[in-house]
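As C-alpha cells, the structure follows; a few thoughts come after it.
Side-chain atoms are counted along with the backbone in the values below, which use heavy atoms only and exclude waters and symmetry mates.
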Amino acid sequence: MKPFEGTLVINAWLRLFGVRIGRRVFLGSGFAQVVDPDMLNFEDDATVVNLFQAHSFEDRVLKKAPVYIRERSTVRQGTVMLYGADIGVNAIVAEQSVIMKNEHLKAGYHYQGAPTRN
C-alpha cells in the first residue's frame with residue numbers, strides 16, 4: 001500500500017481496518033502500516049502526517065485509548081501522539097512535537113514542542 005500513501009485510496013483501505021476517517025482528510029506518509037486502527041479518529045478536513053502510539057505497556061499493564069484529530073486540524077510530520085490525545089477543532093501542531101497521553105489541545109491554537117505548548 002506504500003505507493004498509495006497521500007492518496008484517497010489509502011483512506012478507503014484504512015476504513016476497512018476500522019480507522020474512522022471523515023471527508024476530505026489528507027493522510028501523509030506512514031499510513032501503509034498502522035497499529036491500533038480501531039483507536040484512530042480523523043474528522044472532516046483534517047491533515048494528518050504524524051505517528052501514533054494509541055497503546056502503551058506501563059508497569060506490565062496495557063493501557064490504550066483512542067486518539068482524535070478534530071475538524072480542520074493539522075498535525076504535522078514527525079509529531080508523536082500518545083494514547084488518549086485529542087486535538088481540538090482548527091488546532092495546528094508543529095513538526096516534531098509530542099502530544100502526551102490523554103492531553104487535550106484547545107481548538108484554534110498553534111502548538112509545538114515536546115511536550116506540546118501553545
Checklist entry - Applying salt bridge (charged side-chain N to carboxylate O under 4.0 Å, His left out), which residue pairs with at least one partner in residues 94-103 are found, sequence neighbours left out? => result Glu58-Lys101
Checklist entry - Ion pair present between Asp44 and Arg72, side-chain N to carboxylate O less than 4.0 angstrom? => result no
Item to check | Polar side-chain atom of Tyr109 near backbone of Arg117 as donor-acceptor pair, under 3.5 Å | outcome: no
Item to check | Shortest non-hydrogen contact between Lys63 and Tyr83, atoms and distance | outcome: CD-OH, 3.5 Å
Checklist entry - Checking Ser73 side chain against Gly88 main chain: does a donor-acceptor pair fall under 3.5 Å? => result yes
Checklist entry - Hey, what do you get for CG (Asp36) to CZ (Phe17), rounding to the nearest 0.5 Å? => result 14.0 Å
Checklist outcome for this item: Taken in chain and number order and not counting sequence neighbours, the residues that satisfy side-chain contact (heavy atoms from CB on, under 4.5 Å) with Ser97 are Thr79, Val93, Ala94, Gln112, Thr116
Checklist entry - Between the side chain of Asn50 and the main-chain N/O of Gln77, is any donor-acceptor distance below 3.5 Å? => result no
Item to check | Any side-chain heavy-atom pair of Ile99 and Val80 under 4.5 Å | outcome: no
Checklist entry - Backbone N or O of Glu71 within a donor-acceptor pair of the Glu43 side chain at under 3.5 Å? => result yes
Item to check | Side-chain heavy atoms of Met81 within contact of Ile69, under 4.5 Å | outcome: yes
Item to check | Flag, side chain of Arg76 to backbone of Ile92, donor-acceptor distance under 3.5 Å | outcome: no
Checklist entry - Can you check whether Leu27 reaches Ile21 side chain to side chain, under 4.5 Å on heavy atoms? => result yes
Checklist outcome for this item: Output for pair (Asn90 CG, Lys106 NZ), nearest 0.5 Å, gives 15.5 Å
